[in-house]
*Asks:* 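Sharing a structure below in structure tokens format, with a few things to ask.
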Amino acid sequence: MMKSFARIGLVIAALGPSLPAFAAPVPRAFEPPPTLPGQGNVVALEAAVAPAVGGCRPQGSISRSGSIVSVVLNFVRGRFFINNPDPTDPQPDGLDPVELRSYGGCKSGPAIFVKPGDTLRVDLVNQLAKDDPSCLPNPPEGLGLPALVGCFNTTNLHTHGLHVSPAGNSDNVLLNIAPQTKFPYEINIPNDHPAGTFWYHAHRHGSTAVQVASGASGVLVVKGERPYTPPSPQNPKPIADIDTVLHDVNGAPFKEQLFLFQQIAYACFANQPNQPGGPWQQIYTTQGLYNASSPANIANAPWTCPLATSGNPVSPGVVENFGLQLDSSSIWDTNGRLHQRQWHRAADAHRAGGRDPALALRACRHS
């Protein structure tokens, strides 16, 4: 969408004031990743930024007992709004209604904070419906499912960057958590695990892309307390944590802000009653309805969510058609949805208090 907005601005500048001027997008407050109820009792957050007032409060909970951090993470279909900064967006205030597979019902999964040596126990509660057309022996042809893709309401949980076991009920990407079931994960974080900013997301093979493109991911922070000590003959390679190394001249920790950049590839569909091939076949774009037979000018047009009129139904923004929404080498550049890359680099750069502006710049260039 940022690329599309930039192109609009260049065209207006080139052709002069004879074209109608679009209103500039209204500045919006930054929304940090949400946190679960009870997070403040899990780990000291004196350097972290609290959720914005009025921000999303995810379903679920978190608590600590000794070194055991227990999380209830609900996987649900969340209904909320996503701001589309395109000045031509037809929705009031550019707020597109969406219905997405979500951790806790928010735009992103809640931030989870743990420490080296903790045991992270996550009860993943899959509240999605058992009625899943993509999981049928013969799915509706209109979904455009390649081989081994489907069962979009079946999930699991995977972390990125943690040095932990993939076996059993730990960080195991081969598990299948069916709809309307609960699974107890237990991830043992080693005592010498480095502190840092990591990531968790859905990773069930066959449904990963659909779920992550719906926003099924979150920030996982390992906060360390080991202070820096100079190398010595007795300890030539001392271990220190980023949380104690990075501080101002007075020893106070830097204020930190977590960023989670995501490209949520939602689209609004025209689902006519009883249409052959099933629902989720026609996406609204700025150039007309996009389907599997559309010419290039429509297939490459930005997606939009118009207001529904009599005889023209408009679904909320969803991620349901793999063939149209995800299975393309160019759709990520043309669909008009905000882009996501290297969020963890941006988070760690900011956690470094701006000590590495080149690192932050490399991350922001992808946003």
Side-chain angles (χ1 to χ4, degrees), residues 75-82 84 91 96-103 105-108 126-156 176-180 201-217 262-285 288-294 298-299 301-306 308 312-328 331-332 334-338 340:
F75 195 42
V76 302
R77 289 190 75 96
R79 288 178 173 266
F80 43 86
F81 294 89
I82 291 181
N84 185 346
Q91 294 291 333
D96 291 343
V98 297
E99 183 177 334
L100 300 169
R101 295 171 179 86
S102 163
Y103 290 129
C106 297
K107 297 173 188 174
S108 74
N126 185 351
Q127 297 183 5
L128 299 182
K130 292 183 179 180
D131 181 13
D132 181 1
S134 71
C135 209
L136 294 173
N138 296 300
E141 59 180 341
L143 291 181
L145 299 181
L148 304 180
V149 173
C151 294
F152 297 155
N153 287 356
T154 303
T155 191
N156 63 28
N176 290 283
I177 316 305
Q180 301 297 307
H201 68 98
H203 202 301
R204 185 259 173 197
H205 296 161
S207 61
T208 302
V210 164
Q211 293 176 7
V212 174
S214 294
S217 66
Q262 298 185 114
Q263 184 174 19
I264 299 181
Y266 69 92
C268 292
F269 287 78
N271 288 330
Q272 296 293 343
N274 303 315
Q275 62 185 8
W280 318 119
Q281 296 183 62
Q282 307 240 53
I283 292 177
Y284 284 100
T285 79
L289 288 173
Y290 160 46
N291 56 45
S293 303
S294 294
I298 296 179
W303 300 344
T304 187
C305 291
N312 292 298
V314 181
S315 78
V318 296
V319 181
E320 296 292 345
N321 189 305
F322 184 90
L324 295 180
Q325 293 181 270
L326 301 173
D327 193 15
S328 165
I331 200 67
W332 297 99
T334 61
N335 64 17
R337 300 299 178 229
L338 295 175
Q340 179 270 126

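Just the heavy atoms: all of them, side chains too, but no hydrogens, waters or symmetry mates, feed the values below.
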*Asks:* Atom CD1 of Ile283 and atom CG of Asn335: how far apart are they, to the nearest 0.5 Å?
*Replies:* 9.0 Å
*Asks:* How many angstroms lie between CG in Leu143 and CH2 in Trp280, if you round to the nearest 0.5 Å?
*Replies:* 9.5 Å
*Asks:* I need the single residue from Gln281, Arg101, Gln325 that forms a side-chain hydrogen bond (donor to acceptor under 3.5 Å, both in side chains) with Glu320. Which is it?
*Replies:* Arg101
*Asks:* Is the terminal nitrogen or CZ of Arg337 (NZ for Lys, CZ for Arg) located under 6.0 angstrom from the six-membered ring centre of Tyr266 and within 45° of that ring's axis?
*Replies:* yes
*Asks:* If you take all heavy atoms of Val76 and Gly105, which pair is closest and at what distance?
*Replies:* CG2-N, 3.4 Å
*Asks:* Just verifying a value: how many Å separate His203 NE2 and Thr208 OG1, rounded to the nearest 0.5 Å?
*Replies:* 5.0 Å
*Asks:* How many angstroms lie between CD in Glu99 and OG in Ser214, if you round to the nearest 0.5 Å?
*Replies:* 10.5 Å
*Asks:* Taking the side chain as everything from C-beta on, heavy atoms only, tell me whether Leu145 gets closer than 4.5 Å to Ser134.
*Replies:* yes
*Asks:* Using the ring centroid of each side chain, check whether Tyr103 and Phe75 are separated by less than 6.0 Å.
*Replies:* yes
*Asks:* Which of these passes side-chain hydrogen bond (donor to acceptor under 3.5 Å, both in side chains) with Ser217: Gln262, Gln211, His201?
*Replies:* Gln262
*Asks:* Parallel, tilted or perpendicular: which fits the ring planes of Tyr290 and Trp303, with parallel below 30° and perpendicular above 60°?
*Replies:* parallel
*Asks:* How about CD on Glu141, more than 12 heavy atoms from neighbouring residues, nucleotides or ligands closer than 6.0 Å, or not?
*Replies:* no
*Asks:* Please tell me if the side chains of Leu128 and Arg77 come closer than 4.5 Å, counting only heavy atoms from C-beta onward.
*Replies:* yes
